[in-house]
Amino acid sequence: MNGNMMNHPLLISDLIEHAAKYYPTSEIVSQRLEGDIHRYTYKDANRRSKQLANALTHSSINQGDRIGTLAWNGYRHYEIYYAASGMGAITHTINPRLFPEQLVYIINHAEDRMLFVDLTFIPLLETIQTQIPSVETIVIMADSDHMPATSLTEGPCSVICYETFIADASETYDWPQLDDETAAAICYTSGTTGNPKGVVYSHRSTLLHAFASAIPEALSISSRSTLLPVVPMFHVCAWGTPYSATLSGAKLVFPGAALDGESLATLIEAEQPTLLLGVPTIWLGLLQYLKEHSIRLNSVENIVIGGSAAPRSMIQSFDEDHDAFVMHAWGMTEMSPIGTIGAYTREMGNISKEERYSLQQKQGRPVFGVQLKIINDDGEIQPNDGIAFGRLMVKGPWIIERYFNAESTALENGWFDTGDVATLDSQGYMKIVDRNKDVIKSGGEWISSIDLENAAVGHPAVQEACVIGIQHPKWDERPLLLVIKQQGQSVSKDDIIDHLSSKVAKWWLPNDVVFVDELPHTATGKLLKVNLRDQFGDHYINLQNSSPS
Ligand code: ADP
């Protein structure tokens with residue numbers, strides 16, 4: 001027997017309608033590229049999203065058409081999220097940090113009909129405008145006073161100013177009652193190997209992800225929260241916060257392009273966010289600035305750190321210097337992205353700080369809806385003892401089934417292989433050991449490059465650390481540690497090895513440390529280890545050849 005309840009679709013447009021009606025005065029604050037702060041309410045955002053939906057309809061945008069964005073976090077970007085998806089078109093957020101040829105690839109692959117572009121990215125778009133034939137219209141996200149002189153106007157697309165585009169459009173628009181399996185947004189993976197692949201979220205998956213991520217055991221978002229998503233809206237929809245914040249009527253603060261420590265500190269002081277979200281490199285910059293200027297964060301209760309592993313020193317610094325709790329989270333583009341979160345639990349109140357930091361270093365427990373398992377290469381499930389590790393497999397209603405336009409499923413017996421190697425403990429905490437391709441195989445044993453990096457950045461003279469496994473004449477692979485020193489600090493290889501000796505097993509210690517001025521990152525802020533392995537791959541072989549026999 002079936003239940004007798006309504007089969008009402010879960011639609012993105014209902015989020016903004018709800019916020020506009022019940023939290024009409026909750027604010028959306030944006031640091032604009034024009035330099036000033038823009039603030040308005042959910043009610044205003046809904047009104048302008050409807051204008052935009054009407055303007056898109058007049059431009060003959062149909063349901064299913066892809067609308068690309070090349071934009072920072074800001075109110076206009078937010079309006080596109082709601083207008084395009086709400087009317088049944090598909091919001092395609094494009095990561096402008098990708099290489100131009102990857103941008104061309106994904107715009108063509110998605111067949112974007114329209115592109116919305118922030119002022120910052122106009123020079124980038126100018127370089128590729130003749131290579132993206134599907135794009136008919138480019139909308140520059142500015143008002144008419146800030147329209148730049150651009151060669152885009154001489155290209156094949158029509159170019160229009162955002163505010164002009166929506167100015168005459170009606171504020172009345174009835175959001176269509178779509179089937180909630182309808183595609184709502186598309187994000188491409190960053191494609192460090194091979195071409196980027198499209199992940200298409202549905203209205204249903206987006207709403208379920210929003211419900212699950214807003215609850216107290218997850219991001220704990222209420223109408224009293226103020227969110228500062230530093231994670232970009234061009235990267236897995238800013239971890240879904242434009243939806244989860246709207247669902248709860250929370251205040252949203254968008255930082256625009258100003259992501260350095262000083263700009264973030266100023267914005268935090270002005271807008272008093274309670275919840276920050278971003279990748280570790282962003283917080284390195286902020287913490288450094290706060291330390292140099294003896295500033296303490298007062299409003300911040302929680303910081304969600306994901307995308308790469310949060311080092312212990314960062315977790316400790318937020319706790320001890322700012323009384324702010326780090327919620328370590330893990331996920332991926334293919335997971336909308338949230339998979340696990342380390343929320344503050346009752347047990348955490350009863351253990352020592354040191355024990356709590358160790359727990360926080362793990363990537364948390366699955367949010368309701370996500371299932372995890374670890375398996376070995378033969379597909380056998382590994383024990384949840386916090387020691388055995390294996391390929392991390394996931395399942396859930398906001399996890400990919402197949403890539404955009406792919407003919408075959410992305411699943412293995414109904415599970416998605418994340419490409420990560422992890423442990424699971426008896427309480428369900430997951431710890432990422434490494435990306436499958438980054439784990440270091442030394443003499444038949446495995447070494448976690450992430451654990452070594454985290455231990456290295458705990459040294460006060462280390463600004464950033466990267467560990468790669470490279471060929472070794474005796475052990476197949478051995479770790480090599482690459483270090484960027486903190487400005488003005490001096491430190492030797494032996495100091496660093498000494499520091500690591502108390503943190504990791506002796507056989508894990510890197511055979512060498514190389515000091516570098518910079519480390520390459522992917523478009524999503526992760527260390528680009530492929531390039532480093534190319535550059536330093538022969539380091540131990542060369543050392544051996546050059547050492548006196
Ligand atoms: P995102 O950058 O939002 O996490 P991507 O799809 O670009 O999404 O990358 C996903 C990968 O990032 C994961 O498979 C994992 O390897 C890594 N990752 C994400 N969060 C963490 C974390 N907290 N600790 C370690 N690695 C992480």
Side-chain angles (χ1 to χ4, degrees), residues 93-95 97-98 102 106 185-194 196-201 209 213 219 229-241 277-283 303-312 314-315 326-343 359-367 370 372 374 389 391-394 398-400 403 410 415-424 429-439 448-454 457 465-467 521-530:
T93 55
I94 304 169
N95 187 337
R97 295 184 183 134
L98 293 170
Q102 287 178 314
I106 65 173
I186 177 166
C187 289
Y188 280 74
T189 61
S190 45
T192 33
T193 51
K197 291 187 276 216
V199 182
V200 184
Y201 311 117
H209 181 265
S213 50
L219 302 181
V230 183
V231 53
M233 288 168 78
F234 58 70
H235 181 211
V236 219
C237 303
W239 298 346
T241 49
L277 305 100
V279 298
T281 41
I282 288 291
W283 307 127
I303 299 117
V304 184
I305 304 185
S308 300
R312 188 185 186 93
M314 185 173 281
I315 295 169
V326 167
M327 306 204 289
H328 200 175
W330 164 88
M332 56 199 309
T333 306
E334 287 89 337
M335 299 177 69
S336 301
I338 298 178
T340 61
I341 296 181
L359 207 48
Q360 283 175 273
Q361 266 192 282
K362 298 192 172 192
Q363 277 77 0
R365 295 194 282 199
V367 293
V370 172
L372 305 181
I374 47 171
F389 49 75
R391 286 159 58 201
L392 179 62
M393 312 290 288
V394 291
W398 50 84
I399 294 170
I400 192 166
Y403 291 99
W415 292 78
F416 179 70
D417 183 346
T418 62
D420 288 325
V421 175
T423 63
L424 288 169
Y429 282 88
M430 187 274 286
K431 184 163 190 290
I432 297 282
V433 175
D434 241 321
R435 286 299 285 168
N436 210 347
K437 58 186 188 318
D438 292 336
V439 74
S448 160
S449 67
I450 295 184
D451 281 354
L452 277 173
E453 285 158 7
N454 284 342
V457 292
C466 175
V467 173
H521 291 93
T522 67
T524 55
K526 299 184 213 309
L527 287 162
L528 191 54
K529 296 193 178 181
V530 195

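For ligands, and for the atoms within them, numbers begin at 1 and follow the listed sequence.
The option with the heavy atom closest to atom 15 (C) of ligand 1, from among Ile305, Asp420, Ile450, Asn454, is Asp420. One option in Gly306, Gly342, Gly307 has a heavy atom closer to atom 19 (C) of ligand 1 than any other, and that option is Gly307.
Of all the heavy atoms of Ser308, the ones lying under 4.0 Å from any atom of ligand 1 belong exclusively to the backbone. Under 4.0 angstrom from ligand 1, the non-hydrogen atoms of Gln363 all belong to its side chain.
Ile338 is listed as a side-chain neighbour of Leu219, based on a closest heavy-atom distance under 4.5 Å. Side-chain atoms of Ile315 and Gln361, non-hydrogen and from C-beta on, do get closer than 4.5 Å to each other. Side chains of Ile432 and Leu392 form a contact here, defined as non-hydrogen atoms less than 4.5 Å apart. Annotation: side chain of Tyr201 is in contact with side chain of Val236 (closest heavy-atom distance under 4.5 Å). Using a 4.5 Å cut-off on side-chain heavy atoms (C-beta onward), Ser308 and Glu453 make no contact.
Annotation for ligand 1: atoms under 4.0 Å from non-hydrogen atoms of His235 are 1 (P), 2 (O), 3 (O), 7 (O), 8 (O). Every atom of ligand 1 with a heavy atom of Ala329 under 4.0 Å away is listed here by number and element: 20 (N), 22 (C), 23 (N). Close contacts between ligand 1 and Thr333 involve ligand atoms 5 (P), 6 (O), 7 (O), 8 (O) [criterion: under 4.0 Å to a heavy atom]. For ligand 1 and Trp330, the ligand atoms under 4.0 Å from any heavy atom of the residue are 13 (C), 15 (C), 18 (N), 19 (C), 20 (N), 21 (C), 27 (C). Ligand 1 places these atoms under 4.0 Å from at least one heavy atom of Val236: 3 (O). Listed by atom number, the atoms of ligand 1 under 4.0 Å from Trp239 heavy atoms are 3 (O).
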Evaluation steps, side chain to side chain contact (heavy atoms under 4.5 Å, CB included), between His521 and Leu527
CA-CA 4 Å; His521 291 93; Leu527 287 162; 3.8 Å; yes
Could you walk me through whether Lys431 and Ser448 pass the side-chain hydrogen bond (donor to acceptor under 3.5 Å, both in side chains) test, one step at a time?
CA-CA 11 Å; Lys431 184 163 190 290; Ser448 160; 5.4 Å; no
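When the options Lys362, Met430, Met335 are evaluated for a side chain to side chain contact (heavy atoms under 4.5 Å, CB included) with Thr340, the one that passes is Met430.
For the pair Thr189 and ligand 1, no heavy-atom separation below 4.0 Å is found. Look at Met335 and you'll find every heavy atom at least 4.0 Å from all atoms of ligand 1.
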